[in-house]
Amino acid sequence: MFKYCGKSAAAFCLLNANKRYFGLVHVSVSMQWQFQFSTTTSTAPNFTESSDIFELNPTSSCIIQDKDLLRDSQHDSGTGLHVLDLINRGSLEPDRSIYNTLLKKCTHLKKLKEARIVHAHILGSAFKNDIAMQNTILNAYAKCGCLDEARKLFDEMPVKDMVTWTALISGYSQNDQPENAIILFSQMLRLGLKPNQFTLSSVLKASGAGATDDKFGRQVHAFCLKYGYDWNVYVGSSLLDMYARFDQMDDAWFLFTALESKNEVSWNALIAGHARKSEGEKALRTFSEMLREGFEPTHFSYSSVFTALASTGSLEQGKWVHAHVIKSGGQLVAFVGNTLVDMYAKSGSIEDAEKVFNRLLKRDVVSWNSMLTGCAQHGLGKATVRWFEKMLRNGIAPNQVTFLCVLTACSHAGLLDEGQGYFALMKKHGVEPEEAHYVTFVDLLGRAGLLDRALKFIREMPIEPTAAVWGALLGACRMHKNVELGAYAAEHIFELDPHDSGPHILLANIYASAGRLNDAARARKMMKESGVKKEPACSWVETKNAVHMFVANDDAHPQRAMIHKKWREISEKIKQIGYVPDSSHVLSYADQQEREAKLQVHSEKLALAFALISTPPGSTIHIKKNIRVCGDCHSAFKFASKVVEREIIVRDTNRFHHFRDGFCSCGDYW
DNA sequence: CTAGGGTTAG
């Protein structure tokens, strides 16, 4: 199922695209931008906090000859700031390299306060008007995230060079202000300045960050070609990363292949691109290729691969890469460790996730959230609550993700009181509820059957209810078979988000299960008229060497005869112990018998039948599904787990279902 | 003196 894209096709695509880049060069230069630059006042930095540094100490007679003191990291938060003291005492002659070294350390360690002090010192020195020095100061402010001060310096500099412009552009692009980076870049072009490779890689990062399309990025690409920087590994990697962010992996690969020299960053950008698209197999293949080509994977590579494998739930491959981390002596630092925890949890092994969690060198809020998420997705509601309490006891400040996860867990596990308590707790931790929290809270009330309270909550909530909020109510109405309220909720959704097929299907289901088949048919018709389509359901089963995919009514599989035979056999056995097909999940005019027949070829049932004939007896079966498990399949799987004496783990879009001995871990709450 | 790649939810 994982097909490689033809490289020649990619090449053709980009060659044509290149023509467009050249065509657009002119447009960009003449592009009109609105500018709103702050008026310049004074740049005198505030150094009152550390005025002691500037006090002369006449009693000191220490003569310093060794500038290596600058490397001393035991004082002044590692910036070596104490040497300024020596300069003040006249024990050390200030020169360019001292200031440069100090500023470099401030920049690297993001010490804004210290940077201000050095700045103040330089203002009193002979280097006050030195452009290179001013650039370094500007850069220090920019990299410390203090863009306002960097901007002031920039505006006040009478003479600017490329480095000045680039330092500020990169400052903006590294500090989440891509728009400002792009505006500044355009202004630079209009002044006739020629960007260098540093400018281009910075502005490419900015063009990939906030924009909705690749229009600007393609124009920058044109500049790279025009000025001959596209071969540069920095520019090239930024370029391919930019395309990867716009989901154009073919273009990204083409640029990569064309690079004269590649490095880890180029590889990592590709792996991350596949990870963002949930292409576990491709990410892993790229990772292996990287190894084969003799590149050493970095933390970036590992965390991207784990993210990708988490999204496909590929436990075995994940273990292989984990082994690679161990073999290469890599430590489980935050980023890598957190993705690894997440990978194990999402691949169905909460035990391994916990083992990794316990071995983490440092545990931040994301590490804890990953564990919570893992428990919640496996339906371990009480465990989620326990982990959350443990997290609080460990003094970790919960964030919005934490609360969302805990609320979801409570909702799924039917922990009504706990959920309400935690919702109230958010404010005490200074976490403002967002849309998703309201959705989940409605879900919590709704699942518990408190439909009227859920409706009251929606009407009284401080933000305007969105389609998703009404959707939670609609889902609850489906569960509790409340036709009138369901229809009311659906009306709101159709208005707010007319292009989603979900609510139409849900509404049709509600009517169908209430026996109102005409209304159900009308809802289906509305769905068709609004042009929305139901996503075709499919399921995957992983065997030792391959991934097998099934869609409903599937007859493409080479072993289809055996698969259907196997399912008929299971179906008979589970009917004997109480399985009753629930045809309300089938939407059609067909009669009861036909609808039951349709049910029996749902993709997850085919996947299960296939797994039973192609995996060793007694082994756990893993199935993945692209949409929620249907109610009838859920019931059938419960019985089947008892009949075949196998544990069946199904991962759908929302969560995991562990079927064992006639029961499901979700407690029929999903 | 200035540059590119990574985490958790719904």
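When reading the values below, keep in mind they use all heavy atoms of this one structure, side chains included, and skip hydrogens, waters and symmetry mates. Residue numbers begin at 1 in each chain, while the letters A, B, ... track the order of the sequences.
- Minimum atom distance to the side chain of Gln377(A) is reached by dA9(B), of the listed dT7(B), dG4(B), dA9(B).
- Here the CG atom belonging to Leu372(A) is positioned 11.5 Å from the CG atom belonging to Leu380(A), to the nearest 0.5 angstrom.
- Among the nucleotides dG10(B), dT7(B), dA3(B), the one closest to the side chain of Thr307(A) is dT7(B).
- Taking only side-chain atoms of Ser304(A), from C-beta outward, the nucleotide of dA3(B), dG6(B), dT7(B) with the closest atom is dG6(B).
- Side-chain proximity of His299(A) to dC1(B), dG6(B), dA3(B): nearest is dG6(B).
- A cation-pi geometry, defined here as NZ or CZ lying under 6.0 Å from the six-membered ring centre and within 45° of its normal, holds between Lys262(A) and Phe256(A).
- Closest to the Thr166(A) side chain, of the nucleotides dA3(B), dG10(B), dT2(B), is dT2(B).
- Across all strands, Ala272(A) comes closer than 4.0 Å only to sugar-phosphate atoms, never to a base (heavy-atom distances).
- A salt bridge does not link Asp155(A) with Lys160(A): none of the charged nitrogens is closer than 4.0 Å to a carboxylate oxygen.
- Nearest nucleotide to the side chain of Val163(A), out of dA9(B), dT7(B), dT2(B): dT2(B).
- Counting only heavy atoms from C-beta on, Ala436(A) has its side chain closest to dG10(B) among dT8(B), dA3(B), dG10(B).
- An aromatic stack links Phe198(A) and the base of dT2(B), using centre distance under 5.5 Å and interplanar angle under 30°.
- Side-chain atoms of Tyr234(A) lie closest to dG4(B) of the nucleotides dT2(B), dG6(B), dG4(B).
- A sub-4.0 Å separation between OP1 or OP2 of dG10(B) and a side-chain N or O of Arg628(A) is absent.
- Put simply, Lys104(A) has no side-chain N or O that comes within less than 4.0 Å of OP1 or OP2 on dT2(B).
- At dT2(B), one or more side-chain N or O atoms of Asn139(A) fall inside 4.0 Å of OP1 or OP2 (strictly under the cut-off).
- Proximity of Gln174(A) to the phosphate of dG4(B): a side-chain N or O atom is located under 4.0 Å from OP1 or OP2.
- Taking every side-chain heavy atom of Lys205(A) into account, dG4(B) is the closest of dG6(B), dG4(B), dT8(B).
- Using a 30° and 60° split on the angle between ring planes, Phe656(A) and His378(A) fall in the parallel class, below 30°.
- Here dC1(B) is the nucleotide among dG6(B), dC1(B), dT7(B) with the atom lying nearest to any side-chain atom of Asp161(A).
- Checked against the 6.0 Å centroid threshold, Tyr302(A) and His322(A) do not count as a close aromatic pair.
- In this model, the phosphate group of dG4(B) is not approached by any side-chain N or O of Lys262(A) to a distance below 4.0 Å at OP1 or OP2.
- For dA3(B), its base sits under 3.5 Å from the side chain of Ser201(A) at one donor and acceptor pair at least.
- In this structure, Arg276(A) reaches the dG6(B) phosphate: one of its side-chain N or O atoms is under 4.0 Å from OP1 or OP2.
- Put simply, the side chain of Ser237(A) and the base of dG4(B) share a donor and an acceptor less than 3.5 Å apart.
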